[in-house]
Amino acid sequence: MTPYDAENIFAKILRGEIPCHRIFEDERTLAFMDIMPRSPGHCLAIPKGPARNLLDCDPEMLSHLITKVQRIAKAAKQALGADGVTLQQFSESAGGQEVFHLHFHILPRWEGMVLQRHPAPRAEMATLAEQAEKIRAALASL
Ligand code: 5GP
């Protein structure tokens, strides 16, 4: 398997070299808004440790991450007033992966509303900031 590349975009976000709209952080996890959201409130949860994708992730790190994904999914659904949530995780180019640091997509969903096609347009920064704030508040209330 191709080794982890520490120059990927999410590694740069983790090192603070690229900004993001943070919604959750602990010692092992970071979650932030996707800049090209395919649904309102589309956010991403990543481990802080080096994992290219699901296939090489340390199982203990993955276990911690998925419990955070569940909390963020609940919070995003509540914060955005969604009817449901879709999770996506792509591994390797053939699996649809473009950024090679493990991430789960958390996509709030509404009855009858289709997901934007990839690549979706870049979101307004103010919109992402507002949604991130709502999700942070919902997380605090869970
Ligand atoms: P993948 O296809 O690898 O699962 O998805 C990568 C995701 O990262 C895409 O949904 C894309 O919109 C998002 N993305 C790419 N570059 C950036 C960035 O610089 N910041 C943020 N917040 N998201 C990004």
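Order of listing sets the numbers, starting from 1, for every ligand and every atom in it.
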Seminar exercise, completed: Sequence neighbours excluded, the answer for side chain to side chain donor-acceptor pair (under 3.5 Å) partners of D83 is none
For this session: Not counting sequence neighbours, which residues clear ring-ring contact (aromatic ring centres under 6.0 Å, His included) with H103? List them please.
Result: F10, H105
For this session: Following the transitive rule for hydrophobic clusters with a side-chain heavy-atom cut-off under 4.5 Å over Ile, Leu, Val, Met, Phe, Trp and Tyr, establish whether L62 and V99 coincide in one cluster.
Result: no
Which pairs of nitrogen or oxygen atoms, taken one from ligand 1 and one from the protein, are under 3.5 angstrom apart?
residue, atom, partner, partner atom, Å
ligand 1, 2 (O), G96, O, 3.1
ligand 1, 2 (O), E98, N, 3.3
ligand 1, 3 (O), E98, N, 2.7
ligand 1, 3 (O), V99, N, 2.8
ligand 1, 3 (O), H103, NE2, 3.0
ligand 1, 4 (O), H103, NE2, 2.6
ligand 1, 4 (O), H105, NE2, 2.7
ligand 1, 5 (O), H103, NE2, 3.2
ligand 1, 5 (O), H105, NE2, 3.4
ligand 1, 10 (O), D34, OD1, 3.4
ligand 1, 10 (O), D34, OD2, 2.5
ligand 1, 12 (O), D34, OD1, 2.5
ligand 1, 12 (O), D34, OD2, 3.4
ligand 1, 22 (N), M33, O, 2.9

Exercise. Residues in side chain to side chain donor-acceptor pair (under 3.5 Å) with T86, at least two apart?
Worked result: R109
Exercise. Do other residues, nucleotides or ligands put more than 12 heavy atoms under 6.0 Å from R15 CZ?
Worked result: yes
Exercise. Is I135 close to L80 at the side-chain level, that is, under 4.5 Å between some pair of heavy atoms?
Worked result: yes
